[in-house]
Amino acid sequence: MEAVMNLNAPRGTRDILPEEAERRRALERAFADVCERYGFGEIRVPTFEHTELFVRGVGDASDIVRKEMYTFTDKGDRSLTLRPEGTAGVARAYVEQGMSSWPAPVKLWYNMNMFRYEKMQKGRYREFWQLGCEVFGSDSPQADAQVIGLLETFFRELGLGEVDLEINSIGCPQCRADYHKALRQYYAVYVEDMCEDCHDRFERNPLRMLDCKEPYCQSLAMKAPSQLDYLCDECKVHFDSVKSYLDEMEISYRLNSRLVRGLDYYTKTVFEFVSSHVGTQGTICGGGRYDGLVREIGGIDVPGVGFALGVERLLLELDAQNVPFGKAQSPDLFIASFPSTAANALDLAQTLIRSGLKVETDVMGRSLKAQFKAADRMEAHYVLVLGDTEVSISRGKLRRLSDGSEQDVPLTAVGTLLHDYRKKRSVAEKEEVRFEL
RNA sequence: GUGGAAUUAGCUCAGCUGGUUAGAGUGCCAGGUUGUGGCCCUGGAGGUCGUGGGUUCGACUCCCAUAUUCCACCCCA
């Protein structure tokens, strides 16, 4: 009966250790910074919402709602669901907080964890993080172009290359209905011979038949009618404008008439940033316009456009492209001490750290030699040996680990010197030149 | 949800067709002069071989279950 404790993190969840946390923090900061420059404000919404919100918002035809939600009943007998995506919750907040009376457009960004009950693969987790933006209140193609522009800026500032932008328009409910009809008409004669999944898709969501991987289905998809030919005038003009704005901003994109979104709320513009490095989960970022969403969840008729960016996939991509990003900074100084000077070391470290430096001291009672090894391992820039002599004359030798050079300095000058060194380092880094001291 | 592969020291992995005290590299700790790192040398700690059953004289090696990961679908960030 006594079961052995399962020490594994639950399937699809993971521990984020300091090294990765550091990179994430850098990523999140960069994103927040770009968003603020584009005039977006941060929003944080609850981790769980009433299940009904996602069923209505994301759509009961979507896979997310049909089989991937973490739904539970609380003690008040309410059905709640851990958010599987961000937009529905943000849209709910928009309605509940009366943001429709704010000066339009309302531009929000978020950084939140999401939960989807899915089978694991690289770059696909049951708890994962998304960075996202939403623009409420503008039906202008300028808004579509601006969120894409924001992403382009973000990727550029990260130093990320080799991600492709794909765009498409899936029209509005009216012209999409026409297109669905046309698709069904086209597929009707073949459907018997198509794969099992496509039988289901034919009934539920014919758009999906277009990106089926089965050879036969794919051959049919090649000749299937294109959504773009069925766009109504308004949707067509909108899409053309989006494209021309992108052209104007010199953002390259690939038209993909078979690009579909997994969530039901999308209208008109849809887009993805894809990479070839993340395995089958090549989509790093997905987004689009969702003009019907706010009304669908019970608000007024407000247009919206936004995107969600997968943090784990972006990190994989940064790794794959060897983008140096968010590396922890090494200590400015390691203070080596002896039992008799431990207190002095702590005190000096305290002072220097308060001045803004990163300083390490030994708390393992190690030999001097071992302290040097430790300092070397953490790539400290300098080591100061603080022994009885140094304490009594208030001077010490500051040793630079990169070349072993030492200089004799008053202890009171150490802080200033190190700040000075640090400044020179950062300047050198910026100009990508070697610096001499 | 479907199909397949993997799981042995902190990490990356050996371990032949089941046979005595389970290995390497790396990392970690310590020593190689009594106050000085990176190289080198030596030593040490660390594994109930994912977990639970079963077959067997005997299982890390075979069988079953379960957990986790990975791959292909599905789908998505």
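Please read all numbers here as calculations on a predicted model, not as lab measurements. Quick note on labels: first sequence line is chain A, next is B, and so on, each numbered from 1.
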Can you list every ring-ring contact (aromatic ring centres under 6.0 Å, His included) pair that touches residues 46-65 of chain A, not counting sequence neighbours?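 Sorted result for residues 46-65 of chain A: A:Phe48-A:Phe72.
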For the pair A:Glu28 and A:Arg24, find out whether any cationic side-chain nitrogen is under 4.0 Å from an anionic carboxylate oxygen.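 Salt bridge flag = no for A:Arg24 with A:Glu28.
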Strictly below 4.0 Å, N to O, side chains only: are A:Asp332 and A:Lys358 in salt-bridge contact?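 Looking at A:Asp332 and A:Lys358, the cut-off is not met.
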For B:U21 versus B:U26, give the span between their C1' atoms, rounded off to a whole number of Å.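 Rounded to whole Å, the distance is 25 Å.
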Could you state the interatomic distance from OH (A:Tyr421) to CZ (A:Arg400), rounded to the nearest 0.5 Å?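 CZ of A:Arg400 is found 7.0 Å from OH of A:Tyr421.
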Does B:U66 pair with anything, Watson-Crick or G-U wobble, both distances under 3.5 Å, and if so, with which nucleotide?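 Matched B:U66 with B:G50 under the 3.5 Å cut-off.
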Given B:A77, is OP1 or OP2 found less than 4.0 Å from the side-chain N or O atoms of A:Arg261?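 True: A:Arg261 side-chain N/O within range (under 4.0 Å) of B:A77 OP1/OP2.
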Using a heavy-atom cut-off of under 4.0 Å over every strand shown, decide if A:Leu263 touches base, sugar-phosphate, or nothing.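 Sugar-phosphate contact only - A:Leu263 comes under 4.0 Å of backbone atoms but never of a base.
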Any base atoms under 4.0 Å from A:Gly287, or only sugar-phosphate, or nothing? Heavy atoms, all strands.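 It contacts nothing in the nucleic acid.
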Would you name the heavy atoms of A:Leu309 and A:Cys285 that are closest together and state the gap between them?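 In this case the closest contact between A:Leu309 and A:Cys285 is CD1-CB, 3.4 Å.
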To check you understand the geometry: which heavy-atom pair defines the closest contact between A:Phe271 and A:Phe307, and what is its length?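 Looks like CZ-CB, 3.7 Å.
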Dump the pairs, protein N or O against N or O of nucleotides 5-13 of chain B, anything under 3.5 Å, distances to one decimal.
none

Annotated protein contacts, base or backbone, on nucleotides 25-38 of chain B with a non-hydrogen cut-off under 4.0 Å, one of B, S, - each: ---SSSSB--BBBB
